[in-house]
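Below is one structure, written out as structure tokens; comments come after it.
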Protein chains: 2
Amino acid sequence: MSRFKVGEMQVDAGTPLLMQGSNSPQLYTALEGMGLRSKVLPNGRRQVVNLVLPGDFVGLQAALMSEMGHSVEATTDMTLCVFNRSEMWNFIRENPKRAYSLTWIAANEESFLGDALATVGQRTALQSLAWAFAKLYQKGEALGLAAGGRMKLPYVQQDLADALGITTVHLNRVLKELRDRQIASWQDKVLNISDWHELTDMAMLESDHLPTRPLM
Amino acid sequence: MSRFKVGEMQVDAGTPLLMQGSNSPQLYTALEGMGLRSKVLPNGRRQVVNLVLPGDFVGLQAALMSEMGHSVEATTDMTLCVFNRSEMWNFIRENPKRAYSLTWIAANEESFLGDALATVGQRTALQSLAWAFAKLYQKGEALGLAAGGRMKLPYVQQDLADALGITTVHLNRVLKELRDRQIASWQDKVLNISDWHELTDMAMLESDHLPTRPLM
DNA sequence: CGAGACGTTGACTCGTCTCAACAGTGGTGG
DNA sequence: CCACCACTGTTGAGACGAGTCAACGTCTCG
């Protein structure tokens, strides 16, 4: 594995890592810090496709396709593990298990995006927010970034709003409702979930577990 | 390739092929006919994730993950090429090129879902519909299923509405607008595009070409 | 001939957007 | 050091897009 690692990279918050439409020679794995993937439409509106947490692989599209469908940027200082795109083919060829892993990652991502699509398409803003909080907390917990109902969430309201397909103004109102009803709050970059059951109920979460990877 | 093919299957319109949450032992490639992937929320609302056209691979999630995130059903009579899930690992191991192809398929799907997410999240109903028509026509053209601005689209309004995250009632109104403005119409299961330029303009399509697969 | 699925249209309601104002914060330059 | 500005979060009032409810027409099929 480390044969393919080119090095580590440190970037400041706000740094763009990959650009929509371009074709980077580098791929990354997030080690520390958080970021987001987004795409912007010609009319200037932005859709946040998903959030990047430690452990996430970034740039698979750049590796396989002629151009990236979205941009990736850091929202906090990040350290990333850097790979060379040109090694991708060797990476797959030399060990089928790794190829399997990559495919699993892509399929997993697809599965998540399907959920996100159902959220934006079928849930109300309140349900969407509950869904996002629940999903994030689940993932954070698995990564050891969350515990006791608390998790650091270093994003601005605009980021989450763009992810859920609503405006910051409305997100703010919905946040207030979740706060007033003592279900969850998100202030000073910290998510605080006080009523997990109510939250997941509101979110209409289908399964309470993250996708698991079957043994090969 | 044919070593992995178990056989062909014929199904009638309306037949479910894979069920959300289940774990089918079979995978398919669509040969003829059309279908759709969808997921339903606990409150009964349905999100159509995408449409299945000839050539599409169906069931990658079932193959790699413990359970399917969505269901797949046929909307017309279909013939499918059937593969055995248990052969998946051999399939990948024996030929890295095939592993690469699979990963490419998954990444491509992810890219599409990102677009769809941006559509549902950031576009108005009119723009969404234009986007869907344009995307479908592009794909149909590449498959030889569309020509001269015409393409068979054997779905009901409910299907498209669920794909775009709107109601049939509203879809109907928006269809009428597209018809009245002489941009495109969809009647009797046939899509008819009369003003491609206006349509793609309205859809805010970023690129006029389908994702291409780089040579390995 | 009746029942059900699909499409179409109207009137009204409701969720979300837009526009706007204001407060708190941190950064920058004079 | 402080005035200023940009960015973020918060809240209110009104507008608009899309949903809901309902009626009706057409078609297919038993």
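All chains are named by letter (A, B, ...) in the order of the sequence lines, taking the proteins before the strands, and each is independently numbered beginning at 1.
- The phosphate of C/dT8 (OP1 or OP2) has a side-chain N or O of B/Asn172 nearer than 4.0 angstrom.
- Inspection of the B/Glu109 and B/Asn50 side chains reveals an N or O donor paired with an N or O acceptor under 3.5 Å.
- The distance from atom CG of B/Asn43 to atom P of D/dT20 is 10 Å, rounded to the nearest whole Å.
- If you measure from atom CG of B/Leu160 to atom C1' of C/dG7, you get 14 Å, rounded to the nearest angstrom.
- In this structure, of C/dT9, C/dC17, D/dT10, it is C/dC17 that holds the atom nearest to the side chain of A/His170.
- Here the closest heavy-atom approach between residue B/Leu51 and residue B/Lys139 is recorded as O-NZ, 4.4 Å.
- Nearest to the side chain of A/Val156, among D/dG9, D/dA18, D/dC21, sits D/dG9.
- For the side-chain hydrogen bond (donor to acceptor under 3.5 Å, both in side chains) with B/Asp162, the lone residue among B/Lys39, B/Arg46, B/Gln47 that qualifies is B/Arg46.
- Considering only side-chain N and O atoms, A/Gln187 lies nowhere under 4.0 angstrom from the phosphate OP1 or OP2 of D/dG9.
- Residues B/Ser38 and B/His70 approach most closely at O-CB, 3.2 Å, considering heavy atoms.
- Among the nucleotides D/dG19, D/dG9, C/dG7, the one closest to any side-chain atom of A/Lys189 is D/dG9.
- The nearest whole Å value for the distance from the CG atom in A/Asp188 to the P atom in D/dT8 is 15 Å.
- Between the OG1 atom of B/Thr29 and the CG atom of B/Asp56 there is a distance of 9.0 Å, given to the nearest 0.5 Å.
- The separation between B/Asp12 atom CG and D/dC29 atom C1' is 16 Å, rounded to whole Å.
- A/Asp159 has its CG atom 13 Å from the C1' atom of D/dC7, to the nearest Å.
- Residue-level contact check: B/Thr124 touches the backbone only, with heavy atoms under 4.0 Å from sugar-phosphate atoms and none from bases.
- Following rounding to the nearest Å, A/Leu171 (CG) and D/dT11 (P) show an atom-to-atom distance of 13 Å.
- The residue B/Gly14 sits apart from the nucleic acid: no heavy atom pair falls under 4.0 Å.
- Atom CG in B/Asp162 sits roughly 16 Å away from atom P in D/dA18 (whole-Å rounding).
- Rounded to whole Å, atom C1' of D/dC21 lies 11 Å from atom CZ of B/Arg173.
- Of the candidate nucleotides D/dG19, C/dG7, D/dT10, C/dG7 has the atom nearest to the side chain of B/Gln157.
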